[in-house]
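These numbers were taken from a predicted model, which means no experiment stands behind them.
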Amino acid sequence: MLSYYIQKLAWASDVIPDIPADARWAQNGAPVAGGHGKGSATNQLCHPGGLFLDDDQTVVIADFGNHRIIQWKMGDTNGQVVGGGNGQGNRLDQLYQPTDVLIDKETDSLIICDRNNRRVVRWSRRSGTVQGEILINNIWCYGLAMDDQRYLYISDTDKDEVRRYQIGDKNGTLVAGGNRRGAGLNQLNFPTYLFVDQQQTVYVSDNNNHRVMKWNKDAKEGIVVAGGQGQENALTQLSYPQGLFVDTLGTIYVAESGNDRVMRWPKGAKQGTVIVGGNGYGEGANQFKSPVGLSFDQHGNLYVVDNDNYRVQRFSIE
């Protein structure tokens with residue numbers, strides 16, 4: 001029986017699953033978005049990136065190659081464009097290769113990493129909204145997270161750092177990296193996706209260092225909590241980690257784009273286990289082609305953005 005840990009968060013469903021340490025998932029995924037080849041129709045995706053689950057009913061996806069945010073209600077055969085979708089560009093009604101998205105429940109709005117416009121934008125979810133507003137400019141953003149105090153966290157792949165912002169603040173506070181590109185414990189190398197817990201602990205997929213880093217609040221350096229043993233496919237290693245999720249036990253789940261698998265690393269573990277994928281680069285229901293975004297619903301079902309298969313796969317908890 002899956003138990004739950006209640007926490008009120010602006011960035012996620014009200015209930016985050018307390019996933020049992022011995023949980024298992026079906027090895028074959030089922031598409032909940034895309035899966036109809038590469039394209040721009042509303043039943044297709046093009047190199048999707050980050051995703052956000054809204055109350056287990058809707059998947060919101062940064063559709064990178066289509067310069068749009070698209071949401072898919074569970075069971076629907078087509079998605080709905082809710083941001084961008086007006087071609088590549090830098091007008092306020094356009095996006096340019098967005099990589100991540102989250103929902104700010106307080107304002108009922110989307111916050112989007114509009115990566116190649118070098119900006120973070122907010123887009124109201126209220127019907128009739130046709131353009132966004134710029135929150136932060138001149139930033140090579142990649143991943144986004146929001147804590148329960150509505151602080152916004154953004155990874156910057158140019159400065160190799162993560163900053164925390166109050167909404168409306170343009171400068172932010174450094175919370176990880178920021179000491180030039182490198183592999184030291186106080187450095188990052190192309191940080192991508194993020195996860196932030198209730199203690200404002202920041203977890204970062206340190207992509208080009210093939211590791212996941214944990215930065216405690218106000219820390220001057222991070223702790224390697226997954227990988228960091230070079231870029232290969234041993235259980236002690238990662239290859240280009242991307243999407244991240246940390247459960248109430250402190251277990252880390254990471255989408256590993258270079259090894260086409262999702263791994264679970266228990267708190268303090270020196271190696272992980274493969275929970276889905278790891279069956280080669282392919283189109284099968286038990287395979288991935290560069291998995292990126294990752295999340296769980298309140299029941300513990302796993303959702304993975306399968307980038308080069310142009311789909312989002314759901315793996316049911318058993």
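- Between Tyr310 and His47, the closest side-chain pair of non-hydrogen atoms falls below 4.5 Å.
- Take Asn208 and apply the side chain to side chain donor-acceptor pair (under 3.5 Å) test, not counting sequence neighbours, and it matches Asn189.
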(Q) Assess the residue pair Val225 and Trp265 against the criterion (side chain to side chain contact (heavy atoms under 4.5 Å, CB included)); give the C-alpha distance rounded to whole Å, side-chain angles, the decisive distance to 0.1 Å, and a yes or no. (A) CA-CA 8 Å; Val225 289; Trp265 290 67; over 6 Å; no

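- Between atom CG of residue Leu294 and atom OH of residue Tyr253 there is a gap of 10.0 Å, rounded to the nearest 0.5 Å.
- In this structure a side-chain-to-backbone donor-acceptor pair under 3.5 Å is present from Gln44 to His36.
- Scanning both residues, Val204 and Ala176, for their nearest heavy atoms gives CG2-CB, 4.4 Å.
- Of all heavy-atom pairs between Ala145 and Val196, the closest is CB-CG2, 3.8 Å.
- With sequence neighbours excluded, no residue forms a side chain to side chain donor-acceptor pair (under 3.5 Å) with Asp260.
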Check residues 226-235 and write down every donor-acceptor pair under 3.5 Å in which the side-chain atom is one partner and the other belongs to a residue at least two apart or another chain.
{"from": "Gln231", "atom 1": "NE2", "to": "Ser239", "atom 2": "OG", "distance (Å)": "3.3"}

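- When only modelled atom types and interatomic distance are considered, Ser290 and Asn307 share no side-chain donor-acceptor pair under 3.5 Å.
- Here the closest non-hydrogen pair linking Val212 and Ser205 is CG2-OG, 4.3 Å.
- In this structure, the side chains of Val120 and Ile139 come closer than 4.5 Å at one or more pairs of heavy atoms.
- Residue Tyr203 forms a side chain to side chain contact (heavy atoms under 4.5 Å, CB included) with just one option from Ile252, Val162, Val254, and that option is Ile252.
- Between the Asn209 side chain and the Arg211 main chain, no donor and acceptor come within less than 3.5 Å of each other.
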Practice prompt. Any chance you could lay out the salt bridge (Lys or Arg N to Asp or Glu O under 4.0 Å) test for Lys105 and Asp55, step after step, and finish with the verdict?
Written response: CA-CA 11 Å; Lys105 299 290 185 72; Asp55 297 329; 3.3 Å; yes

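- Judged by distance alone, with hydrogens and angles left aside, the side-chain atoms of Asn186 form no donor-acceptor pair with the main-chain N or O of Asn179 at under 3.5 Å.
- Within the structure, the salt bridge (Lys or Arg N to Asp or Glu O under 4.0 Å) test picks out the following pairs touching residues 304-318 (sequence neighbours left out): Asp306-Arg311.
- In this structure Asp100 satisfies the salt bridge (charged side-chain N to carboxylate O under 4.0 Å, His left out) test with no other residue, sequence neighbours excluded.
- With hydrogens and angles disregarded, a donor-acceptor distance shorter than 3.5 Å links the side chain of Asp63 to the backbone of Cys46.
- Checked options Thr77, Asn78, Asp76; the residue passing with Thr42 is Asn78 (criterion: side chain to side chain donor-acceptor pair (under 3.5 Å)).
- Applying the disulfide (SG to SG under 2.5 Å) test to every pair with at least one member in residues 215-258, sequence neighbours left out, gives no pairs at all.
- Across all non-hydrogen atoms, the minimal contact from Leu51 to Gly293 is CD2-C, 3.5 Å.
- Residues Gln200 and Asp147 bring a donor and an acceptor atom of their side chains to less than 3.5 Å of each other.
- Taking a 6.0 Å sphere around NZ of Lys170, one finds it holds more than 12 heavy atoms contributed by other residues, nucleotides or ligands.
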Q) Would Val32 and Tyr303 satisfy side chain to side chain contact (heavy atoms under 4.5 Å, CB included), going step by step from the backbone distance to the final call? A) CA-CA 9 Å; Val32 294; Tyr303 296 74; 4.1 Å; yes

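- Lys159 NZ: 12 or fewer foreign heavy atoms inside a 6.0 Å radius.
- Within the structure, salt bridge (Lys or Arg N to Asp or Glu O under 4.0 Å) pairs that include any residue of residues 127-142 comprise Arg122-Glu133 (at least two apart or interchain).
- Checked against side chain to side chain donor-acceptor pair (under 3.5 Å), Glu221 has no partners two or more places apart in sequence or in another chain.
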| request: Applying ring pair (Phe, Tyr, Trp, His ring centres under 6.0 Å), run through Phe288 and Phe315 and close with a yes or a no. | output: CA-CA 12 Å; Phe288 297 115; Phe315 296 84; 5.6 Å; yes

Q | Full working for side chain to side chain contact (heavy atoms under 4.5 Å, CB included) between Thr58 and Lys73 | A | CA-CA 4 Å; Thr58 305; Lys73 293 190 181 302; 3.6 Å; yes

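- When the salt bridge (charged side-chain N to carboxylate O under 4.0 Å, His left out) test is applied to Lys38, no partner is found at least two apart in sequence or on another chain.
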Distance-only check: which donor-acceptor pairs under 3.5 Å involve side-chain atoms of residues 107-115, not counting sequence neighbours?
{"from": "Thr107", "atom 1": "OG1", "to": "Asp104", "atom 2": "OD2", "distance (Å)": "3.1"}
{"from": "Thr107", "atom 1": "OG1", "to": "Ser109", "atom 2": "OG", "distance (Å)": "2.6"}
{"from": "Asp108", "atom 1": "OD1", "to": "Arg125", "atom 2": "NH1", "distance (Å)": "3.4"}
{"from": "Asp114", "atom 1": "OD1", "to": "Tyr96", "atom 2": "N", "distance (Å)": "2.7"}
{"from": "Asp114", "atom 1": "OD1", "to": "Asn117", "atom 2": "ND2", "distance (Å)": "3.4"}
{"from": "Asp114", "atom 1": "OD2", "to": "Asn117", "atom 2": "ND2", "distance (Å)": "2.9"}
{"from": "Asp114", "atom 1": "OD2", "to": "Arg119", "atom 2": "NE", "distance (Å)": "2.7"}
{"from": "Asp114", "atom 1": "OD2", "to": "Arg119", "atom 2": "NH2", "distance (Å)": "3.1"}
{"from": "Arg115", "atom 1": "NH1", "to": "Trp140", "atom 2": "O", "distance (Å)": "3.4"}
{"from": "Arg115", "atom 1": "NH1", "to": "Cys141", "atom 2": "O", "distance (Å)": "2.9"}
{"from": "Arg115", "atom 1": "NH1", "to": "Thr157", "atom 2": "OG1", "distance (Å)": "3.0"}
{"from": "Arg115", "atom 1": "NH2", "to": "Thr157", "atom 2": "OG1", "distance (Å)": "3.0"}

- Carefully, step by step, assess Ile317 and Leu302 under the rule side chain to side chain contact (heavy atoms under 4.5 Å, CB included). CA-CA 7 Å; Ile317 192 165; Leu302 169 64; over 6 Å; no

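- Judged by the 6.0 Å distance and 45° axis criteria, Arg164 is positioned over the aromatic ring of Tyr151.
- Taking each heavy atom of Trp72 and Ile70 in turn, the nearest pair found is CZ3-CD1, 4.0 Å.
- The shortest distance between side-chain heavy atoms of Ile61 and Val312 falls below 4.5 Å.
- Put simply, the side chain of Gln298 never gets that close to the backbone of Pro17: no donor and acceptor are under 3.5 Å apart.
- In this structure a side-chain-to-backbone donor-acceptor pair under 3.5 Å is missing from Trp123 to Val130.
- Within the structure, disulfide (SG to SG under 2.5 Å) contacts touching residues 257-318 (residues at least two apart or in different chains) do not occur.
- Without hydrogens or angle criteria, Ser295 side chain to Phe52 main chain gives no donor-acceptor distance under 3.5 Å.
- The line from CD of Gln187 to CZ of Arg180 is 6.5 Å long, rounded to the nearest 0.5 Å.
- The aromatic rings of Tyr142 and Tyr193 stand perpendicular to each other, their planes meeting at an angle above 60°, with 30° marking the opposite boundary.
- Here the closest non-hydrogen pair linking Asp156 and Asp158 is OD1-N, 2.9 Å.
- Residues that satisfy the side chain to side chain donor-acceptor pair (under 3.5 Å) test with Asn301, not counting sequence neighbours, are Asp297.
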